[in-house]
Amino acid sequence: MITIKSPREIELMRVAGSIVYQTHQYLKKFIKSGITTEELDKLAEDFIISKDATPSFKGYQGFPKTLCTSVNDEVVHGIPSNYKLKNGDIISIDIGACYKGYHGDSAWSYVVGNVSDNDKYLMEHTEKSLYEGIKMAVKGNRIGDISNAIETYAKKHNLGIVRELVGHGVGTNLHEDPNVPNYGEKGKGPLLKPGMVIAIEPMLTFGKENIYVEDNDWTIRTYDGSNAAHFEHTILITDDKPEILTGECENGKK
Ligand code: MG
Ligand code: MG
């Protein structure tokens, strides 16, 4: 069931989204060679709790940590560990925070020091594909319009589209209806209405789009070992332009 959020719920989701955004801004400063992904996780957890929120992912279906930290060929759901970031790595950090029962969800890929031109290309165009999707997140469009915009952009730039994982509705549950795939047909799928909140999250690879799940049952890697990037925002459908809840806003006010 797709829920339409009330004005009160939207206010709470703005705060949740803002906390996620602020956590990304805070963590950014620490992303450098030598820090472990577990140290980043602890920083994020303490920060989220200091904002009167709780980490959405910790304990979700048994996930053990606050962040998903996915390095290089890891696509998503990397588990923070004693792995030390090194110059030339790229890392996708996915953050979820729950405030008064409502979630915000946003992932971003970051560079560690100097990265290859291929990685720069992958990151630039994965981020741009997210905004191509967001542009279509307006009332009267359908989910397929978002999906198709991302797919078209990714294909034009020869990037692989991970198909097994998709965006989703967000609310009192971290993952709600509808699914928001990163591929699909224009004009198909659920109609977008004001008050719907969805996470749009292209996961693109520099190589082929095949993936596999590691033995830890969480971490997803590219099959061919190529690097992957992941950019995600939680978006509110409005009467006007889409509102990015996990973008630049503080305490719910833009
Ligand atoms: Mg998500
Ligand atoms: Mg996420």
Side-chain angles (χ1 to χ4, degrees), residues 2-3 5 13-14 16-28 31 37 40-41 44-45 47-48 53-71 74-80 90-99 102-110 123 126-127 129-131 133-134 137 143 146-147 150 161-184 190 196-205 211 213 218-220 228-237 242-247:
I2 299 173
T3 58
K5 273 71 181 179
M13 295 201 75
R14 285 191 177 116
S18 169
I19 292 167
V20 171
Y21 173 72
Q22 290 173 57
T23 310
H24 271 289
Q25 298 307 305
Y26 172 70
L27 272 191
K28 247 174 27 182
I31 300 172
T37 50
L40 291 174
D41 190 74
E45 180 168 6
F47 186 86
I48 290 169
T54 51
S56 301
F57 304 161
K58 198 168 187 177
Y60 182 81
Q61 296 182 353
F63 190 78
K65 298 286 186 179
T66 290
L67 299 177
C68 295
T69 51
S70 308
V71 178
E74 296 173 347
V75 183
V76 286
H77 304 165
I79 301 174
I90 61 170
I91 178 171
S92 300
I93 296 185
D94 200 347
I95 304 177
C98 182
Y99 179 77
Y102 290 84
H103 295 274
D105 186 9
S106 172
W108 217 253
S109 297
Y110 298 98
M123 291 177 61
T126 306
E127 182 179 350
S129 78
L130 167 63
Y131 288 98
I134 291 173
I143 291 289
I146 298 173
S147 304
I150 295 170
I161 301 166
V162 174
R163 286 161 192 268
E164 291 85 344
L165 299 146
V166 296
H168 50 90
V170 189
T172 53
N173 295 300
L174 179 62
H175 295 125
E176 300 185 348
D177 289 338
N179 280 344
V180 186
N182 296 308
Y183 57 92
M196 281 172 62
V197 178
I198 54 172
I200 302 177
E201 50 179 315
M203 290 152 258
L204 304 183
T205 69
I211 54 167
V213 186
W218 279 108
T219 310
I220 292 180
H230 182 201
F231 288 83
E232 174 186 30
H233 270 313
T234 301
I235 306 293
L236 169 70
I237 311 297
E243 180 178 334
I244 300 175
L245 300 181
T246 45

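Please read these numbers as outputs of a predicted model, since none were measured by experiment. For ligands, and for the atoms within them, numbers begin at 1 and follow the listed sequence. The figures that follow rest on heavy atoms only: side chains count, while hydrogens, waters and symmetry mates do not.
Closest approach between the Mg ion (ligand 1) and any N/O/S atom of Asp105 involves OD2. Considering just the N/O/S atoms of Glu201, the one nearest the Mg ion (ligand 1) carries the name OE2. With respect to the Mg ion (ligand 2), Asp94 has OD1 as its nearest N, O or S atom. The atom of Glu232 that is an N, O or S and sits closest to the Mg ion (ligand 1) is OE2.
Not one N or O on the side chain of His103 forms a donor-acceptor pair closer than 3.5 Å with the backbone of Ala16. A donor-acceptor pair under 3.5 Å links the side-chain atoms of Thr23 to the main chain of Ile19, judged by distance alone.
Taking 4.0 Å as the cut-off between side-chain N and carboxylate O, Lys5 and Glu243 do not count as a salt-bridged pair.
Relative orientation of the His233 and Trp108 rings is tilted, given thresholds of 30° and 60° on the angle between their planes.
Applying side chain to side chain contact (heavy atoms under 4.5 Å, CB included) to Asp105 and the options Val20, Asp94, Thr246, Leu245 leaves one that passes, Asp94.
Counting backbone and side-chain atoms alike, His175 contributes no N/O/S atom closer than 2.8 Å to the Mg ion (ligand 1).
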